[in-house]
Asks: 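Structure below; questions to follow.
We count residues from 1, following the sequence as given. This is a predicted model, so every value here is computed, not measured.
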Amino acid sequence: MESHRNLKTLFSCTFLGLLHLFAFAAAEVQYHDFVVQETPVKRLCKTHSTITVNGQFPGPTLEVTNGDTLVVKVVNKAQYNVTIHWHGIRQLRTAWADGPEFVTQCPIRPGGSYTYRFTIEGQEGTLWWHAHSSWLRATVYGALIIHPKADSSYPFPKPKREAPIILGEWWDANPIDVVNEATRTGGAANISDAYTINGQPGDLYNCSSSDTVIIPVDSGETNLIRVINAALNNELFFTIAGHQMTVVGADASYLKPFTTNVIMLGPGQTTDVLITTNQPPGRYYMAARAYFSAQNASFDNTTTTAILEYKSAPCPAKQPLKPIFPSLPAFNDTGAASAFTTSLRSPSKVNVPTDIDENLFFTVGLGLFDCPRGQTCSGPNGKRFTASMNNVSFALPRNFSILQAHHHGINGVFTTDFPAFPPVQFDYTSNNVSQALWQPVPGTKVYRLKYGSNVQIVLQDTSIVTPENHPIHIHGYDFYIVAEGFGNFNSQTDTGKFNLVDPPLRNTVAVPVNGWAVIRFVADNPGVWLMHCHLDVHITWGLAMAFLVENGFGELQTLEAPPADLPECF
């Protein structure tokens with residue numbers, strides 16, 4: 001009997017060991033080299049010395065499988081400090097690989113290098129990577145596509161083809177010079193000169209038609225289009241002439257499929273759509289242009305295009321068939337933006353946190369700093385633009401990263417007194433907010449969360465300077481968007497609107513202009529995690545904060561030790 005029991009135990013251990021070996025063998029470790037360098041790039045008739053990865057613009061597309069490990073060595077041969085952020089990757093216990101400069105690491109200085117090491121766990125769909133240092137992400141970005149494991153599949157019919165569509169923004173200037181000038185004067189940064197699709201502006205811009213991106217298709221097939229908004233400072237509408245889009249995913253989370261003519265993406269957001277090529281063979285424009293909700297502000301109101309081209313389309317001898325142009329919403333069509341975002345649902349019932357441990361209320365919006373004595377400033381009323389959450393304008397440290405300071409117990413780098421609520425309650429969306437509330441307090445403040453705590457955050461836009469739709473991104477986490485609405489959030493009446501059954505799971509939420517959004521997540525990833533507006537002009541002004549999530553119990557709930565090659569601080 002004893003020998004039978006031992007044999008059974010031996011078989012079980014061997015079987016489990018084989019399972020672990022099989023799982024390990026199925027997962028791949030991918031090694032990549034990213035060389036950040038200056039590359040001549042010609043757009044809009046002019047050649048610029050542009051910061052790229054491996055000489056490519058956009059940068060390399062990384063294709064991985066759920067469960068794979070990525071090891072990416074970044075060598076900085078450019079003249080600027082740089083870091084790389086893997087947007088939307090959970091980075092479970094590997095916050096050192098997250099990337100935002102002076103938050104989880106000090107930057108990679110010119111001539112230096114750093115190897116990012118992390119594993120993709122339980123994520124499938126479309127994400128992306130980008131620089132997280134100054135405005136380098138204007139040109140330093142690329143797609144990060146996560147395929148299902150070999151024994152799994154999409155929760156929709158397998159598409160015939162897949163194509164990433166990366167929406168970008170182009171300045172006919174050095175973007176670093178643009179932000180540095182705005183920082184010097186305190187005024188608004190110069191707007192971009194073009195939007196791009198996969199790095200090309202398209203037919204509607206000077207000197208661009210010959211390089212317009214063409215996506216070839218056959219009639220009668222279903223294709224998966226992975227749309228990424230990599231633009232620096234603009235939310236974008238996107239549509240395809242003559243073709244309905246079936247939305248099936250966003251931010252590497254699957255969605256309950258629904259059909260639409262137009263999608264809206266804030267910077268940082270991704271949307272996966274299926275299109276069926278059921279139109280007469282021809283050429284059809286894909287197009288994107290701004291959704292812009294701020295008042296009395298300039299913006300890039302141009303339109304970028306690519307071409308969906310049926311291979312069987314007629315081919316006239318003299319010139320190609322002129323593409324059909326789509327209908328796009330007006331730039332200020334908040335109704336169209338809201339109709340899209342409120343249509344998103346998880347495919348089935350999900351486990352939304354309900355017993356809330358941390359009930360937070362964060363205002364998000366702009367502000368003005370007084371101009372320093374002896375200087376001339378270009379912001380409204382001779383002041384300097386700023387931005388804040390809960391009246392705190394986030395200031396990055398300059399000597400250590402917050403995560404390093406926390407891990408090594410270094411004092412004086414940050415404080416843990418970020419407020420859970422606005423210090424002053426007021427009519428947030430009023431047209432007449434007292435000017436006494438327009439000047440926030442600068443600080444490097446974080447909010448501490450216990451491991452495993454259930455968190456709810458009400459994100460409330462304010463009308464200070466101007467109301468605006470803000471795409472708010474949290475590093476290291478996905479969250480459920482349980483509700484959104486307009487006006488001031490009312491805890492007595494608006495909680496009845498919460499979707500606690502099948503809300504969408506995302507990493508970036510578009511907080512409605514003059515409105516609010518409510519998100520929930522479980523703080524199950526130790527480290528320091530930046531939360532910020534993904535309009536880079538706003539994070540430059542301080543529209544950010546960070547969560548410090550404490551370790552839990554045991555190795556699997558504890559932040560890993562910092563890697564040996566973590567860049568040295570100054």
Side-chain angles (χ1 to χ4, degrees), residues 34-59 74 76-85 87 99-102 107-110 128-142 166-201 205 208 228-236 266-268 288 290 292 297-302 304 378 385 387 396 471 473 532-544:
F34 276 17
V35 178
V36 180
Q37 62 190 61
E38 294 186 11
T39 303
V41 176
K42 185 176 183 179
R43 296 292 185 274
L44 308 182
C45 316
K46 295 181 183 177
T47 299
H48 293 275
S49 185
T50 300
I51 307 300
T52 67
V53 167
N54 298 349
Q56 301 175 40
F57 173 65
V74 177
N76 186 5
K77 292 187 176 181
Q79 60 178 307
Y80 307 107
N81 293 333
V82 71
T83 64
I84 301 293
H85 171 53
H87 186 110
E101 69 172 356
F102 294 113
I108 307 167
R109 286 176 276 188
W128 62 303
W129 58 265
H130 61 80
H132 214 298
S133 211
S134 185
W135 277 20
L136 286 182
R137 83 166 180 88
T139 55
V140 178
Y141 61 82
I166 311 177
L167 310 177
E169 200 167 2
W170 178 264
W171 274 261
D172 202 9
N174 181 343
I176 303 300
D177 292 342
V178 173
V179 66
N180 286 346
E181 176 66 9
T183 300
R184 185 185 68 81
T185 66
N190 289 342
I191 62 173
S192 55
D193 296 286
Y195 299 114
T196 58
I197 294 178
N198 292 355
Q200 296 293 342
Y205 299 89
S208 301
I228 301 166
N229 186 353
L232 206 69
N233 290 323
N234 280 283
E235 296 173 303
L236 295 168
F292 192 77
S298 59
F299 69 100
D300 181 347
N301 64 354
T302 62
T304 181
S378 301
F385 275 112
L396 287 170
H473 172 52
H532 65 94
C533 181
H534 222 283
L535 304 175
D536 273 32
V537 66
H538 289 176
I539 190 174
T540 302
W541 291 340
L543 213 169

Asks: Just wondering, do Ile197 and Leu167 contact through their side chains at under 4.5 Å, heavy atoms?
Replies: yes
Asks: Would you say the side chain of Phe57 lies within less than 4.5 Å of the side chain of Thr39, judging by non-hydrogen atoms?
Replies: no
Asks: Within a strict 4.5 Å, meaning less than it, do heavy atoms of the Thr52 and Gln37 side chains meet?
Replies: yes
Asks: Please report the shortest heavy-atom distance between Leu232 and Glu169, naming the atom on each side.
Replies: N-OE1, 2.8 Å
Asks: For the residue pair Phe34 and Trp129, does the interplanar ring angle fall in the parallel (under 30°), tilted (30 to 60°) or perpendicular (over 60°) class?
Replies: tilted
Asks: Under a 3.5 Å distance rule, please check whether Tyr205 uses its side chain to pair with a backbone N or O of Arg43 as donor and acceptor.
Replies: no
Asks: Taking salt bridge (charged side-chain N to carboxylate O under 4.0 Å, His left out) as the test, write out the residues that go with Arg137, two or more places apart.
Replies: Asp536
Asks: Ignoring hydrogens and geometry, is there a side-chain-to-backbone donor-acceptor pair from Asn198 to Ile166 under 3.5 Å?
Replies: yes
Asks: Indicate whether the side chain of Ser49 and that of Glu38 have a donor and an acceptor atom separated by less than 3.5 Å.
Replies: yes
Asks: Assess whether side chain to side chain contact (heavy atoms under 4.5 Å, CB included) is satisfied between Ile84 and Val140, documenting all intermediate values.
Replies: CA-CA 9 Å; Ile84 301 293; Val140 178; 4.0 Å; yes
Asks: Spell out, as yes or no, whether a donor-acceptor pair under 3.5 Å connects the side chain of Thr139 to the backbone of Ile51.
Replies: yes
Asks: For Trp170 and Thr302, run side chain to side chain contact (heavy atoms under 4.5 Å, CB included): C-alpha distance rounded to whole Å, both residues' side-chain angles, the deciding distance at 0.1 Å, then the answer.
Replies: CA-CA 11 Å; Trp170 178 264; Thr302 62; over 6 Å; no
Asks: Heavy atoms only: give me the nearest Trp128-Gly142 pair and the separation to one decimal.
Replies: CB-O, 3.1 Å
Asks: Does His48 reach the side chain of Pro40, with side-chain heavy atoms less than 4.5 Å apart?
Replies: no
Asks: Parallel, tilted or perpendicular: which fits the ring planes of His473 and His532, with parallel below 30° and perpendicular above 60°?
Replies: perpendicular
Asks: Taking Gln56's backbone N and O only, do any of them form a donor-acceptor pair with Asn54's side chain (distance below 3.5 Å, no angle check)?
Replies: no
Asks: Kindly indicate, with the supporting measurements, whether the criterion side chain to side chain contact (heavy atoms under 4.5 Å, CB included) is fulfilled by Ile108 and Asn81.
Replies: CA-CA 6 Å; Ile108 307 167; Asn81 293 333; over 6 Å; no
Asks: Run the numbers on Ser192 and Asn233 for side chain to side chain contact (heavy atoms under 4.5 Å, CB included), then give the verdict.
Replies: CA-CA 9 Å; Ser192 55; Asn233 290 323; over 6 Å; no
Asks: Please report the closest heavy-atom contact between His87 and Gly268, naming both atoms and the distance.
Replies: NE2-O, 3.0 Å
Asks: Distance-only, no hydrogens or angles: does the Glu101 side chain make a donor-acceptor pair with backbone N or O of Pro107 under 3.5 Å?
Replies: no
Asks: Are the side chain of Thr304 and the backbone N or O of Ala288 linked by a donor-acceptor pair below 3.5 Å?
Replies: no
Asks: Spell out, as yes or no, whether a donor-acceptor pair under 3.5 Å connects the side chain of Trp171 to the backbone of Asp193.
Replies: no
Asks: Strictly distance-based, threshold 3.5 Å: is any side-chain N or O of Trp135 a donor or acceptor partner for the main-chain N or O of Thr540?
Replies: no
